[in-house]
Amino acid sequence: MTSTENHLAHALRANMRPDQPFICGPHPLTYGAFWQGAERLAAALEITPGDRVVMQVEKSVEALQLYLATVLAGGILVPLNPAYTRSETLYFLEDATPSVFVTPHPEGWPVSRATTLEALAAAGRSGFKPVPRGPEDLAAILYTSGTTGRSKGAMLSHRALASNAQTLKLAWHFTAEDVLIHALPVFHTHGLFVATNIALMAGASIEFMPKFSVERILEAMPTATALMGVPTFYTRLLKAGGLALAATNMRLFISGSAPLLASTHQEWHDRTGHTILERYGMTETNMNSSNPYDGERRAGTVGLPLPGVELRIDAPEGEIGVIEVRGDNLFSGYWNMPEKTAEELRPDGWFMTGDLGQMDADGYLTIVGRGKDLIISGGFNIYPKEVEEVMDALPEVLESAVIGMSDEDLGERVVAVVVLKSKTSKTALIDAAGRNLARYKCPSDIRFVDALPRNTMGKVQKNELRKRLGDGG
Ligand code: MCA
Ligand code: AMP
């Protein structure tokens, strides 16, 4: 490619055939029509290269087109979960300072331009020429919560996104013959980049679902080839009748974003005859490791480093340590946070993930825990610190500690352990927290205690709390 091209758009369009269906199902759309729609939106954005476009909309094909429109126009996409409260959204708007904020409710935001997706589509024009962008230019900023409670914007370049999609397309054998069931949200790496970029790059089709539904996935499977999901997808599908028959002609089931229990892996194999392929990634790194397509897919492991990705454990051979990653897949730093970037991304290119891992003699990586205080509920990440700050600000609360407790459906669920200043009820506290926190971050349960267990340094002992509350620890 030459420098006159748009690096990511060029890579994603390399295999596209205009007449091939990109979206299949009840509202089909060809590749040609899909990209034309993206070009029309790109014209309507009226941005200059490097401008941020914040997208906070429900999942739709048009949302995917807005992602690509931003890329084509040389902008930087900032996707946000529509479940965020106003105060959460304001933080992102103030940090990202977008030129355009796309939202169904454009009134009353402190931004230069807020508009709906429908208004943008109506203002679209054909004949837009992609803006040239090189590999190191940014294509997206994805916010990922921080252990300090402040979300960090991971800056993702055209190079990082294009190279990871290419690696995964090859590693997982995606071709134009594939039909991928897309039931993930599109404001995270998993649904936006892993699923969408691979399908585009392979010229494959997508069975597009606005949200996860066991029934719709079972209906789609007989004419589809692949599914990408978080472990909750698989545990919920395992509860359904007719799974084995529906899955007969599928070629690939991929799981990631949270640990897949070895028992789920085994049960899936027993019920369907298929072996789930588990992989490991992060917003900052895209995908790092994957179980092999052809070789042994080992339950409880996240497989081998992907081609072009270096993985190492910061510990003596075979022991548990922090997982470090280096490669073209990596982000370019945290937006507006040079100190944070310097702490986690070293000048020699190694990024410290904060995940604790162990590598066996064959090179298979197992994630054994997290060095960072993080809860993963149904594939959504929740940083306890952020929830604790909201709980502690409530007038009835003296102090709180937020922990993840095992949950059969979501893997982990958020529980707040609270020391009260004055009398109140669990539901009143949960409702009050919900005014400032997206629902998925709100505690599903509150446990009242007289004091929080602390070590000699004064740090709350969360493992001890989990044990006391009957969750192993
Ligand atoms: C929904 N709710 C949740 C969650 N999802 N609560 C806790 N944890 C969750 N994950 C709450 C809602 O706020 C709502 O609460 C109620 O459950 C019903 O909401 P609904 O949307 O109908 O729920 P659902 O359809 O059952 O959703 C469960 C889900 C979904 C399908 C597991 O959470 C999901 O799609 N998760 C995937 C997340 C994902 O893509 N993660 C990738 C990020 P109320 O009733 O109180 O209003 S990680 C990533 O990208 C990295 C790089 C990687 O490696 O992939
Ligand atoms: P995110 O905030 O979306 O970037 O979440 C990334 C985190 O999800 C990683 O740092 C891991 O802790 C976790 N994760 C992703 N994939 C897996 C997996 N297959 N097994 C266990 N944890 C995972």
Would you confirm whether Tyr280, through its side chain, and Pro259, through its main-chain N or O, come within 3.5 Å as a donor-acceptor pair? no
Leu161 and its side chain to side chain contact (heavy atoms under 4.5 Å, CB included) partner, picked from Asn197, Val71, Asn329: Asn197
Contacts of Ala244 that satisfy side chain to side chain contact (heavy atoms under 4.5 Å, CB included) - sequence neighbours left out: none
Is any side-chain heavy atom of Leu277 closer than 4.5 Å to one of Ser290? yes
Please evaluate residues Ile403 and Ile375 with respect to the criterion side chain to side chain contact (heavy atoms under 4.5 Å, CB included), reporting the C-alpha separation (whole Å), side-chain torsions for both, the decisive distance (0.1 Å), and the verdict. CA-CA 7 Å; Ile403 54 174; Ile375 299 168; 5.6 Å; no
Over 12 foreign heavy atoms within 6.0 Å of CG, Asp348: yes
Lys152 and Phe331: side chain to side chain contact (heavy atoms under 4.5 Å, CB included), yes or no, with the steps? CA-CA 12 Å; Lys152 303 171 286 185; Phe331 73 137; over 6 Å; no
Using a 4.5 Å cut-off on heavy atoms from C-beta on, say whether the side chain of Thr116 contacts that of Thr103. no
Would you name the heavy atoms of Ser151 and Phe92 that are closest together and state the gap between them? CB-CE2, 3.6 Å
Do Val100 and Asp51 touch side chain to side chain, with heavy atoms closer than 4.5 Å? no
Lys239, NZ atom: more than 12 neighbouring heavy atoms under 6.0 Å: yes
Could you go through residues 404-413 and list every donor-acceptor pair under 3.5 Å that involves a side-chain atom there, pairing it with any protein atom two or more places apart or in another chain?
from: Ser406; atom 1: OG; to: Asp471; atom 2: OD1; distance (Å): 3.1
from: Ser406; atom 1: OG; to: Asp471; atom 2: OD2; distance (Å): 3.3
from: Asp407; atom 1: OD2; to: Asp409; atom 2: N; distance (Å): 3.1
from: Asp407; atom 1: OD2; to: Leu410; atom 2: N; distance (Å): 2.7
from: Asp409; atom 1: OD1; to: Arg236; atom 2: NE; distance (Å): 2.9
from: Asp409; atom 1: OD2; to: Arg236; atom 2: NH2; distance (Å): 2.8
from: Glu412; atom 1: OE1; to: Arg370; atom 2: NH1; distance (Å): 3.1
from: Glu412; atom 1: OE1; to: Ile376; atom 2: N; distance (Å): 2.9
from: Arg413; atom 1: NH1; to: Ser444; atom 2: OG; distance (Å): 3.2

Test item: Val194 and Thr189 side chains (from C-beta on) under 4.5 Å apart, heavy atoms: yes
Side chain to side chain, Met250 and Thr272, heavy atoms closer than 4.5 Å: no
Taking the side chain as every heavy atom from C-beta outward, state whether Leu261 and Glu267 have any pair of such atoms under 4.5 Å apart. no
Using 30° and 60° as the class limits, which term best fits the ring planes of Tyr84 and Tyr440: parallel, tilted or perpendicular? tilted
Measure the shortest side-chain to side-chain distance between His265 and Glu278 over non-hydrogen atoms and say whether it is less than 4.5 angstrom. no
Please tabulate, one pair per line, all N/O donor-acceptor pairs under 3.5 Å involving side-chain atoms of residues 206-224, not counting sequence neighbours.
from: Ser213; atom 1: OG; to: Glu215; atom 2: N; distance (Å): 3.4
from: Ser213; atom 1: OG; to: Arg216; atom 2: N; distance (Å): 3.0
from: Thr223; atom 1: OG1; to: Ala220; atom 2: O; distance (Å): 3.3

Mark yes or no for whether Ser289, through its side chain, and Val302, through its backbone, hold a donor-acceptor pair below 3.5 Å. yes
Hey, is the main chain of Thr353 close enough, under 3.5 Å, to the side chain of Lys372 for a donor-acceptor pair? yes
Ala342 backbone acceptor or donor facing Arg346 side chain under 3.5 Å: no
Taking the six-membered ring for Trp and the single ring otherwise, decide whether the centroids of Tyr67 and Phe193 are under 6.0 Å apart. yes
Please walk me through it: do Leu356 and Val322 pass side chain to side chain contact (heavy atoms under 4.5 Å, CB included)? CA-CA 5 Å; Leu356 299 176; Val322 173; 3.8 Å; yes
Rounding to 0.5 Å, atoms CG (Asn291) and OG1 (Thr275) come to a distance of 10.0 Å
CE of Met201 to CD1 of Ile198: how many Å apart, nearest 0.5 Å? 9.0 Å
Interatomic spacing from CG in Asn336 to CE in Met155 - rounded to 0.5 Å: 8.5 Å
Of the non-hydrogen atoms in Val57 and Leu117, which two are nearest, and what is the gap between them? CG2-CD2, 4.3 Å
Angle class for the Trp109/Phe101 ring planes (parallel below 30°, perpendicular above 60°, tilted otherwise)? perpendicular
Flag if over 12 foreign heavy atoms under 6.0 Å of CD, Glu58: no
Measure from the side-chain N and O atoms of Arg312 to the backbone N and O of Trp350, and report whether any donor-acceptor pair falls under 3.5 Å. no
Looking only at atom types and distance, does a side-chain atom of Gln56 sit under 3.5 Å from a main-chain N or O of Asn81, one as donor and one as acceptor? yes
Using every non-hydrogen atom in the two residues, find where Glu88 and Leu437 come nearest and quote the distance to one decimal. OE2-CA, 3.5 Å
From CA spacing to verdict: side chain to side chain contact (heavy atoms under 4.5 Å, CB included), Arg298, Asp360: CA-CA 11 Å; Arg298 284 192 196 166; Asp360 72 15; 2.8 Å; yes
Note: Glu396-Lys423 ion pair, threshold 4.0 Å (strictly below): no
Is the closest side-chain heavy-atom distance between Phe448 and Val418 below 4.5 Å? yes
Please round to the nearest 0.5 Å and tell me the distance separating atom CG of Asn286 and atom OG1 of Thr167. 9.5 Å
Roughly how far, to the nearest 0.5 Å, is CE of Met282 from CG of Asn288? 8.0 Å
Please check this pair: side chain of Asp178 against backbone of Leu180, looking for a donor-acceptor N/O pair closer than 3.5 Å. no
Do Arg52 and Thr97 have side-chain atoms, one donor and one acceptor, less than 3.5 Å apart? yes
Is Ser377 reaching over with its side chain to a backbone N or O of Phe380, donor-acceptor style, under 3.5 angstrom? no
Minimum heavy-atom separation for Ala433 to Pro443, with atom names? CB-CD, 4.5 Å
Exercise: identify the closest heavy-atom pair between Ala195 and Met228: CA-SD, 3.6 Å
Say whether, by atom type as modelled, one donor and one acceptor occur between the side chain of Thr285 and the main chain of Gly281 under 3.5 angstrom. no
Can you tell me how far the CG atom of Leu394 sits from the CG atom of Leu429, to the nearest 0.5 Å? 6.0 Å
Between Asn436 and Ser87, what is the shortest heavy-atom contact and its length? OD1-OG, 3.5 Å
His274 and its ring-ring contact (aromatic ring centres under 6.0 Å, His included) partner, picked from Tyr234, Phe253, Trp268: Phe253
Using only atom types and a distance under 3.5 Å, with no angle test, would you say the side chain of Thr341 pairs donor to acceptor with the backbone of Tyr334? yes
